[in-house]
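Report on one structure; see the data block that follows.
FYI, side chains are in, hydrogens and waters are out, and symmetry mates aren't considered; it's all heavy atoms of this structure. Reminder, nothing fancy here: chain letters follow the sequence lines and each chain counts from 1. As the structure is a computational prediction, the values presented were derived from the model and not from experiment.
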Amino acid sequence: MTELWEGLTRAIQLIISFDPEVMEIAGRSLAISATSCSLAALISLPLGGLIHFSHFPGKRLLISIIQTLFSVPTVLIGLLVFVLFSRAGPIGGLNLMFTPAVMVIGQVILIIPLMLGLILSALRGVDKGVAETAISLGASRLQAGILTLREARYAVLTAVIMGFGRAVSEVGLALMVGGNIKGFTRTLTTAISLETSKGDIELALALGITLLFIALIVNVALNRFQQR
Amino acid sequence: MALLKTVNLGQKYGERYVLKDVNLEVDRGDVFALIGPTGAGKTTLIRLLDLLETPASGRIYIDGVDVTCSGGYRLAIRRRMALVQQKPVVFDMSVYENVACGLRWRHEKSEAIRQKVEAALELVAMADYKSRNARTLSGGETQRVAIARALVTQPEVLFLDEPTANLDPVSVSKIEEVLAHIIGQQKTTIVMATHDMSQGQRLAGRIGVLIDGEILQLDSPSEIFTSPKSREVAQFVGVDNILAGVVVAKDNGLVTTEVSGYRLQSISDFGLGEEVYVLIRPEDITLTLSKDIGSARNTFLGRITKMTPLGPLVRIEVDCGFPLLALITKRSAQELGLTVGGEVYANFKTTAIRTIKRWR
């Protein structure tokens with residue numbers, strides 16, 4: 001109990017004093033997760049619209065598969081990315097292994113199903129009359145699709161928040177393909193894991209609280225945007 | 001050339017035909033009303049004409065161009081038309097933005113959008129609501145926004161699907177006022193569907209009666225209401241007295257028709273021995289307690305079999321040897337002391353009767 005209390009006190013000191021190491025790791029975590037979240041959103045939004053508005057055989061099956069992938073273990077995606085990008089892998093020549101870039105790629109693959117699935121259910125929640133009314137007023141299919149996404153904006157934003165949450169909090173993938181290299185690919189989660197195993201509970205706790213703090217700020221910012 | 005034309009247009013959902021062989025022509029500037037009971041296929045026909053659905057059979061021509069399935073042209077053609085739906089869906093944004101949508105999709109300049117949206121909101125008396133979220137409006141206000149949203153694009157054809165259904169009487173009259181103004185001021189061709197036959201009569205220049213997916217009659221409002229060509233149309237337009245008879249005498253345009261052994265006099269051109277229907281609107285029948293009724297040539301003594309109150313009116317069924325249905329005010333019924341089982345004289349003028357050839 002004492003250890004926990006001391007850990008908390010030290011953690012707060014580290015945060016208040018803007019400890020360079022904590023800030024550097026937190027900044028990298030935020031940058032990697034925000035990049036993967038933005039890229040995943042850029043892919044999921046049009047893809048979600050396309051799947052929602054298209055009629056094709058196997059659509060229900062595809063949606064079921066997407067929903068199943070919500071719970072894919074991060075280490076499994078890590079393994080897949082590892083196999084693809086390792087020196088002997090099919091795209092090993094890109095030399096991206098153990099770089100922030102490959103961590104972003106992995107996180108994008110990890111969160112796309114979640115974001116896509118939530119966007120699809122957000123679009124399903126919009127009155128079908130919206131797109132039809134738009135079309136009757138002279139909108140093209142694309143314009144009607146954008147309007148429908150706009151109508152679902154709160155639920156779509158929730159999908160993006162969930163995606164960010166999954167990206168910033170995962171550890172397996174970051175560890176496997178990032179390698180937890182100090183000053184290069186070390187993120188909050190991989191650092192927490194490392195510091196805990198080293199016995200530096202205070203630092204691990206400080207990093208954990210920082211992680212929660214980042215999640216809080218992102219959520220507050222997005223919620224404010226939602227309420228506008 | 002007709003602006004809108006359909007040839008044998010049909011639509012089916014699954015195996016069920018909801019529209020059969022619809023042949024229509026609407027000229028530029030016309031106000032055309034589709035009237036018919038709920039479920040007759042009016043909405044389906046409007047949706048087909050607005051190119052929101054593809055027909056199962058038949059063709060649609062706009063300005064002489066076949067647009068039935070022309071994928072590439074559909075957007076361009078649709079942009080020449082606008083639809084106001086029965087239950088309009090407004091978007092989750094301000095009234096102003098709702099009305100501006102159609103113009104933005106047409107890539108109009110922002111200054112032109114501002115001017116047009118403000119004029120359209122002014123027209124439907126919703127200018128004060130422009131900053132309100134459209135989802136917070138009442139039914140009547142929503143309908144007015146929907147009308148402004150359609151009108152702002154200056155469509156060549158404006159489709160109105162039951163524009164006043166499910167609205168309170170005050171909202172109905174406000175919307176009819178707006179529509180009458182549009183009809184009077186603008187050259188927009190209007191195709192409206194309504195189950196309210198009197199609304200069709202008030203607003204339209206031509207009416208098509210759609211019953212069970214078929215256009216049973218296409219005529220001017222006065223013809224539809226005075227000379228229905230089938231029992232279904234007659235009943236729909238409120239001619240409740242449809243009596244089968246035979247012309248038994250003719251004298252200078254005054255024709256005597258025998259109905260169930262009783263003789264009715266009317267004005268028509270039918271010849272002796274012709275089988276006809278005698279149509280009498282219930283509101284054209286007056287009820288009296290004595291035979292002295294002035295100018296009505298047709299007077300029959302009967303017994304009241306049923307009285308049904310209809311707001312300020314009473315629907316009275318009288319058995320005169322043949323059934324008659326009269327519609328009188330509640331006050332008149334009270335003054336005359338009418339009761340079920342009581343005797344009463346049913347009177348109607350020769351001019352109140354429309355004699356038409358017997359159908360089917």
Side-chain angles (χ1 to χ4, degrees), chain A residues 41 44-46 48-57 59-60 115 118-162 221-228, chain B residues 43 46-53 71-94 97-108 117 120 133-135 142-143 145-161 191:
Chain A
S44 302
L45 282 170
L50 192 69
I51 294 172
H52 178 74
F53 287 107
S54 310
H55 302 284
F56 54 89
K59 182 171 169 176
R60 290 179 73 93
M115 243 189 224
L118 292 175
I119 287 171
L120 283 170
S121 83
L123 289 173
R124 269 202 303 277
V126 176
D127 184 345
K128 279 201 176 85
V130 165
E132 190 157 85
T133 302
I135 284 174
S136 81
L137 291 168
S140 64
R141 277 172 63 88
L142 177 65
Q143 289 167 329
I146 292 170
L147 177 75
T148 308
L149 270 172
R150 190 184 187 282
E151 291 284 300
R153 58 193 178 276
Y154 303 126
V156 166
L157 207 56
T158 304
V160 175
I161 294 174
M162 297 287 285
L222 290 176
N223 276 320
R224 280 188 71 102
F225 179 72
Q226 256 186 353
Q227 283 157 7
R228 258 173 44 196
Chain B
T43 299
I46 292 236
R47 288 171 57 83
L48 285 173
L49 293 174
D50 195 34
L51 309 186
L52 290 175
E53 287 183 25
Y73 297 142
R74 283 176 95 86
L75 178 61
I77 301 262
R78 214 185 278 121
R79 283 189 174 168
R80 293 165 61 188
M81 315 192 279
L83 164 68
V84 177
Q85 283 160 318
Q86 182 175 351
K87 284 186 191 152
V89 177
V90 284
F91 311 134
D92 187 8
M93 50 180 86
S94 71
E97 284 303 322
N98 261 274
V99 179
C101 272
L103 299 172
R104 294 202 201 287
W105 290 325
R106 285 164 176 79
H107 308 293
E108 294 222 9
V117 171
N133 185 304
R135 292 262 164 94
T142 302
Q143 193 63 275
V145 169
I147 291 173
R149 192 169 62 177
L151 276 179
V152 79
T153 59
Q154 293 165 312
E156 285 174 60
V157 189
L158 175 64
F159 294 106
L160 302 162
D161 185 9
V191 177

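Proximity to chain B at a heavy-atom threshold of 4.5 Å picks out A/Asp127, A/Gly129, A/Val130 from residues 121-130 of chain A, in numerical order.
Under the salt bridge (charged side-chain N to carboxylate O under 4.0 Å, His left out) criterion, the residue pairs touching residues 79-90 of chain B are B/Asp63-B/Arg80, B/Arg80-B/Glu156, with sequence neighbours excluded.
When only modelled atom types and interatomic distance are considered, B/Thr43 and B/Asp161 share a side-chain donor-acceptor pair under 3.5 Å.
Within a 6.0 Å sphere centred on CZ of B/Arg104, heavy atoms belonging to other residues, nucleotides or ligands number more than 12. Counted within 6.0 Å of CE on A/Met162, heavy atoms from surrounding residues, nucleotides or ligands total 12 or fewer; the atom is thus considered open.
At a 4.5 Å heavy-atom cutoff, the contact between B/Leu52 and chain A is made by side-chain atoms alone. Looking at A/Arg150, only its side chain comes within 4.5 Å of chain B, counting heavy atoms on both sides. Of the atoms belonging to A/Ala134, heavy atoms from both backbone and side chain fall under 4.5 Å from chain B. Interface residue B/Asp92: backbone and side-chain heavy atoms are both found under 4.5 Å from chain A.
Checked options A/Leu142, A/Leu147, A/Ile146; the residue passing with B/Trp105 is A/Leu147 (criterion: side-chain contact (heavy atoms from CB on, under 4.5 Å)).
Side chain of B/Thr153 to backbone of B/Arg149: no donor-acceptor contact under 3.5 angstrom is found. The backbone N or O of B/Arg78 sits nowhere less than 3.5 Å from a side-chain atom of B/Asp50 that would complete a donor-acceptor pair.
Between B/Phe91 and B/Glu97, every side-chain heavy-atom pair lies at or beyond the 4.5 Å cut-off.
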